[in-house]
Amino acid sequence: MSESATPAEPAARVHELRLVVTAADYDEALRFYRDELGLPERAAFSSPDGRVTILEAGRATLELTDPNHAGFIDEVEVGRRVAGHIRVAFQVDDSTATTARLAAAGAEVLAEPTRTPWNSLNSRLEAPGALQLTLFTELGEADAEAGERA
């Protein structure tokens, strides 16, 4: 923490991060994220003017990066700079199988799963709602040691 930063007072703590995506094809985006990626539906609301669905995505974090490190991540995962200023990352049990399932459901695979220097298996997709997704599977210590011997 920088010297000028002060910790948030307990009353000011954030309780949930909600990423809001406006998708031109709402039904396709809902099918993709709920039915294919498997995000459970928490709530759905409609009005005369439209619809919204809130999907559970496990634990949320906010990852801040500077442009140089964002470029490094793109280079590792895709081989070139491709992401805009927002990219969504989902930790999944099997990034290889999930990548294949989401590609079959209409996502464009930008990069197949690749072992990263931070010991995870990451893929990159362009998904409904014009979002770039990173799917990542954390690799265990045994996998890391096997990779070092390879």
Side-chain angles (χ1 to χ4, degrees), residues 1-2 4-23 25-46 50-78 81-147:
M1 183 180 296
S2 71
S4 63
T6 59
E9 295 296 318
R13 290 221 167 105
V14 173
H15 296 283
E16 178 179 350
L17 169 68
R18 187 170 292 178
L19 177 67
V20 180
V21 175
T22 301
D25 189 338
Y26 173 86
D27 292 320
E28 173 61 16
L30 180 61
R31 182 195 64 76
F32 182 86
Y33 292 103
R34 183 189 59 200
D35 303 338
E36 301 298 336
L37 186 55
L39 302 180
E41 189 172 310
R42 180 197 297 177
F45 305 96
S46 64
R51 300 173 287 164
V52 62
T53 301
I54 300 168
L55 303 172
E56 292 287 340
R59 179 180 63 113
T61 61
L62 177 62
E63 179 178 322
L64 298 175
T65 185
D66 63 27
N68 290 338
H69 195 75
F72 172 70
I73 293 168
D74 277 2
E75 185 65 34
V76 167
E77 292 182 2
V78 184
R81 185 74 172 119
V82 294
H85 76 284
I86 294 178
R87 173 179 51 85
V88 179
F90 290 104
Q91 181 178 7
V92 297
D93 291 332
D94 183 341
S95 56
T96 301
T98 305
T99 298
R101 187 174 70 252
L102 297 184
E108 176 188 350
V109 177
L110 301 177
E112 294 290 339
T114 303
R115 181 185 288 270
T116 68
W118 44 92
N119 201 33
S120 61
L121 194 60
N122 295 22
S123 66
R124 185 74 66 90
L125 302 102
E126 182 80 23
L131 283 179
Q132 275 201 18
L133 306 182
T134 292
L135 302 179
F136 69 100
T137 301
E138 298 289 352
L139 301 175
E141 291 300 317
D143 291 332
E145 292 169 10

Inset, instruction - Output yes when Arg31 and Glu36 qualify as a salt bridge under the 4.0 Å nitrogen-oxygen rule, no when they do not. - result: yes

Legend entry - Min side-chain heavy-atom separation Phe72-Pro117 under 4.5 Å: yes

Legend entry - Heavy-atom closest contact (Ala44 atom, Thr53 atom, distance): CB-OG1, 4.0 Å

Legend entry - Atom of Arg124, atom of Thr134 and distance for their closest heavy-atom approach: NE-OG1, 3.2 Å

Inset, instruction - State the CG-CD1 distance between Leu131 and Ile86, to the nearest 0.5 angstrom. - result: 8.0 Å

Inset, instruction - Please check if the side chain of Asn119 supplies one atom and the backbone of Leu139 the other of a donor-acceptor pair under 3.5 Å. - result: yes

Legend entry - Thr116 side chain vs Thr114 backbone, donor-acceptor pair below 3.5 Å: no

Legend entry - NE2 on His69 to CG on Leu64, rounded to 0.5 Å: 12.0 Å

Legend entry - Contact check, side chains of Arg81 and Asp74, non-hydrogen atoms, under 4.5 Å: yes

Inset, instruction - Supply the atom-to-atom distance Glu112 CD to Leu125 CG, rounded to the nearest 0.5 angstrom. - result: 8.5 Å

Inset, instruction - Say whether, by atom type as modelled, one donor and one acceptor occur between the side chain of Ser120 and the main chain of Thr137 under 3.5 angstrom. - result: no

Legend entry - Within-4.5 Å side-chain heavy-atom neighbours: Arg18 and Ile54: yes

Inset, instruction - Any chance you could measure Glu138, atom CD, to Trp118, atom CH2, to the nearest 0.5 Å? - result: 10.5 Å

Legend entry - Closest heavy-atom pair and its distance - Ala111, Glu77: CB-O, 2.9 Å

Inset, instruction - Output the distance between atom CZ (Phe90) and atom CG (Leu37), rounded to the nearest 0.5 Å. - result: 5.0 Å

Inset, instruction - Would you please test Arg34 and Glu56 for salt bridge (charged side-chain N to carboxylate O under 4.0 Å, His left out) and show each step? - result: CA-CA 9 Å; Arg34 183 189 59 200; Glu56 292 287 340; over 6 Å; no

Legend entry - Student check: side-chain heavy atoms of Arg59 and Thr61 closer than 4.5 Å: yes

Legend entry - Flag side-chain contact, heavy atom, 4.5 Å: Val88 against Leu19: yes

Inset, instruction - Working to the nearest 0.5 Å, report the span between CD of Glu108 and CG of Leu133. - result: 11.5 Å

Inset, instruction - For residues Val78 and Val82, report the shortest heavy-atom separation together with the two atoms involved. - result: CG2-CG2, 3.8 Å

Inset, instruction - Have a look at Leu30 and tell me which of Leu55, Asp35, Val52 forms a side chain to side chain contact (heavy atoms under 4.5 Å, CB included) with it. - result: Leu55

Inset, instruction - Answer whether the closest heavy-atom distance between the side chains of Glu63 and Ile73 falls below 4.5 Å. - result: yes

Inset, instruction - Looking only at non-hydrogen atoms, find the nearest pair between Ser95 and Thr99 and report the distance. - result: O-OG1, 2.6 Å

Inset, instruction - Please check if the side chain of Tyr33 supplies one atom and the backbone of Pro128 the other of a donor-acceptor pair under 3.5 Å. - result: yes

Inset, instruction - Might you point out which heavy atoms bring Ala107 and Ala127 nearest each other, and give the distance in Å? - result: CB-CA, 4.5 Å

Inset, instruction - Check whether more than 12 heavy atoms from other residues, nucleotides or ligands sit under 6.0 Å from atom CG of Asp93, and answer yes or no. - result: no

Legend entry - Non-hydrogen side-chain atoms of Leu102 and Phe32 separated by less than 4.5 Å: yes

Inset, instruction - Would you mind reporting whether Arg51 and Asp27 have side-chain heavy atoms less than 4.5 Å apart? - result: yes

